[in-house]
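Computed from a prediction, not measured in an experiment: that's the story for all the values here. For the numbers below, each heavy atom of this structure counts, side chains included, while hydrogens, waters and symmetry mates do not.
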Amino acid sequence: MTPNELNFVRDAISTIPEIKNTKHRILGKNQFENFIYQTISAAKIVLGENELLILVFLQIVIITFVYYLWIQLYSIVPKFVWSNYMGINPDSANILNFIFLAWGFLLIGIASYPISIISYSIGTSYFLKKKGLSATLIQTLKFILPKSFMLWQFLWIDGWITYDKILSRLPKRGESINTAGDELLYFSWKIGTIGILPSVLNGKNMIEAGKESVMLVTQHPQETLLLRGGYSLFCWIIGIVSIIGSLCLTIYIYIQYINHSLCCSIPQIFSFWMGVPILSGVGIILFFFRPIFVIASCRLYSEYFSGKDIGLS
């Protein structure tokens, strides 16, 4: 499975008038109210299963561990590379950028597999509850493990697209930031894949799941926009607060180390302390908002395909 194989999802969604006309405005009253409504019903499922709460908490542990592995790269990079990079040496900058891209791609893949199992567990719990069954860990794993590799591939692709988009949004010397067309395609990908997880849970392969997800968004653009918009709204709020916290810590650390000579440990120290508010924000999203989004997307999928035999396959 490669990103190109699912490009038809992004391309199909980008042509829907409701998607093109949003101009990516996600900060709205309707999104806020809709997500609050989804929160109340989804929280009952998450809080009702202790084992599910443990799995949700494990997401935070996994992300924290992966971030720890990320900053270890700073201690491996030789001092002269950092010195040349800080001096804006083109060759060193290109080498270092490639190393970080490759390292990030690998770590996203490592984190995606356990997180895919957890995401499956959250979605499975909804369908089990819908059938009047208890969403125990044993029951969820029974359905998850045979399909986990497929969802791992999807989450790896989605994680890499998100990671690459975050990097592309950062200002770069001599380069322009994303165009409106780039943002539309990214927005279309996020909206268009909203039904893939519940579709895979119900026995579809990735291509079939992509087609069903397109059908879901095409027939219910307002509902999917409200759900994704509400989730994005809260993520943006948490993200902005985390970034402000990271900037404040960065300024403080810079003042503390301004008289120190440049060495490879300084970037590692910066990254470690910047990670505290960032990981705190990620933890809030993974523990509270991500489960709500997963369950709400499963509910929306179930309602759309209510005329078919919906259940875990």
Side-chain angles (χ1 to χ4, degrees), residues 1-13 45 51-52 55-56 58-59 62-63 66 104-131 133 135-165 186 188-218 224 227-228 231 286 290-291 293-302 304-305 308-313:
M1 173 62 64
T2 64
N4 291 337
E5 292 181 64
L6 286 175
N7 277 349
F8 73 90
V9 174
R10 178 201 65 189
D11 296 338
I13 300 303
I45 297 177
E51 291 176 332
L52 190 59
L55 286 175
V56 172
L58 281 177
Q59 291 184 104
I62 293 167
I63 296 298
V66 168
F105 181 77
L106 176 62
L107 292 182
I108 289 171
I110 293 173
S112 294
Y113 185 72
I115 290 179
S116 68
I117 294 178
I118 294 172
S119 295
Y120 260 128
S121 299
I122 297 170
T124 302
S125 67
Y126 169 77
F127 288 111
L128 287 172
K129 288 285 187 179
K130 186 177 177 64
K131 299 179 72 172
L133 301 174
T136 64
L137 181 59
I138 298 298
Q139 287 175 304
T140 56
L141 290 179
K142 174 184 176 182
F143 297 103
I144 292 166
L145 293 180
K147 305 172 183 178
S148 59
F149 182 75
M150 190 186 337
L151 189 61
W152 175 38
Q153 291 178 300
F154 167 69
L155 288 184
W156 195 345
I157 292 171
D158 182 65
W160 174 251
I161 290 174
T162 303
Y163 175 78
D164 183 63
K165 177 55 64 175
Y186 176 70
S188 299
W189 167 263
K190 287 299 184 180
I191 291 288
T193 55
I194 197 171
I196 285 184
L197 186 148
S199 183
V200 171
L201 276 178
N202 283 279
K204 304 299 188 298
N205 63 41
M206 195 57 64
I207 300 301
E208 292 172 335
K211 292 178 180 178
E212 283 198 341
S213 188
V214 170
M215 290 172 59
L216 175 64
V217 179
T218 302
T224 51
L227 176 57
R228 182 69 211 187
Y231 177 59
L286 291 178
R290 181 63 183 177
F293 176 73
V294 170
I295 292 174
S297 64
C298 288
R299 179 185 293 112
L300 189 61
Y301 172 90
S302 181
Y304 175 72
F305 292 101
K308 298 183 180 182
D309 184 18
I310 292 297
L312 297 169
S313 300

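- Put simply, the side chain of Pro198 reaches to within 4.5 Å of the side chain of Phe127, judged on heavy atoms.
- For the 3.5 Å distance criterion, the side chains of Lys211 and Ser199 fail to qualify, holding no donor opposite an acceptor.
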Leu6 vs Thr193, side-chain contact (heavy atoms from CB on, under 4.5 Å): CA-CA, chis, key distance, verdict: CA-CA 9 Å; Leu6 286 175; Thr193 55; 5.9 Å; no

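- In this structure a side-chain-to-backbone donor-acceptor pair under 3.5 Å is present from Ser121 to Ile117.
- The minimum heavy-atom distance between Ser297 and Ile194, with the atom names listed, is CB-O, 3.5 Å.
- Side-chain contact between Thr162 and Lys190 is present, with heavy atoms from C-beta onward closer than 4.5 Å.
- Interatomic distance, OG1 of Thr224 versus CG of Leu300, reported as 7.0 Å (0.5 Å rounding).
- Summarising the geometry, atom CG belonging to Asn202 is positioned 8.0 Å from atom SG belonging to Cys298; distances are rounded to the nearest 0.5 Å.
- Remark: the backbone N or O of Tyr113 is not paired with any side-chain donor or acceptor of Trp156 at under 3.5 angstrom.
- Considering only heavy atoms from C-beta on, Ile122 stays 4.5 Å or farther from Leu197 through its side chain.
- Taking CD1 of Ile118 as the start and CD1 of Ile144 as the end, the distance is 9.5 Å to the nearest 0.5 Å.
- Nearest heavy atom pair, residue Ile196 against residue Met206, reads CG2-SD, 3.7 Å.
- Summarising the geometry, atom CD1 belonging to Ile157 is positioned 11.5 Å from atom CH2 belonging to Trp152; distances are rounded to the nearest 0.5 Å.
- The backbone N or O of Leu145 lies less than 3.5 Å from a partner atom in the side chain of Ser148, making a donor-acceptor pair.
- Between Arg228 and Phe293 there is a side-chain heavy-atom pair separated by less than 4.5 Å.
- Two residues are said to be in side-chain contact when any heavy atoms from C-beta on lie closer than 4.5 Å; Lys204 and Glu212 meet this criterion.
- To the nearest 0.5 angstrom, Leu227 atom CG is 9.5 Å from Arg299 atom CZ.
- Here the OG-CG distance, from Ser188 to Asn7, works out to 11.5 Å after rounding to the nearest 0.5 Å.
- Heavy atoms only, all atoms of each residue included: Ile115 and Leu155 are closest at C-CD1, 4.1 Å.
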Step-by-step ring-ring contact (aromatic ring centres under 6.0 Å, His included) determination, Tyr186 to Trp189: CA-CA 5 Å; Tyr186 176 70; Trp189 167 263; 8.9 Å; no

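- Between Ser116 and Phe154 there is no side-chain heavy-atom pair separated by less than 4.5 Å.
- Remark: the backbone N or O of Ala209 is not paired with any side-chain donor or acceptor of Ser213 at under 3.5 angstrom.
- Contact annotation: the side chain of Leu201 never approaches that of Tyr301 to less than 4.5 Å [non-hydrogen atoms, C-beta and beyond].
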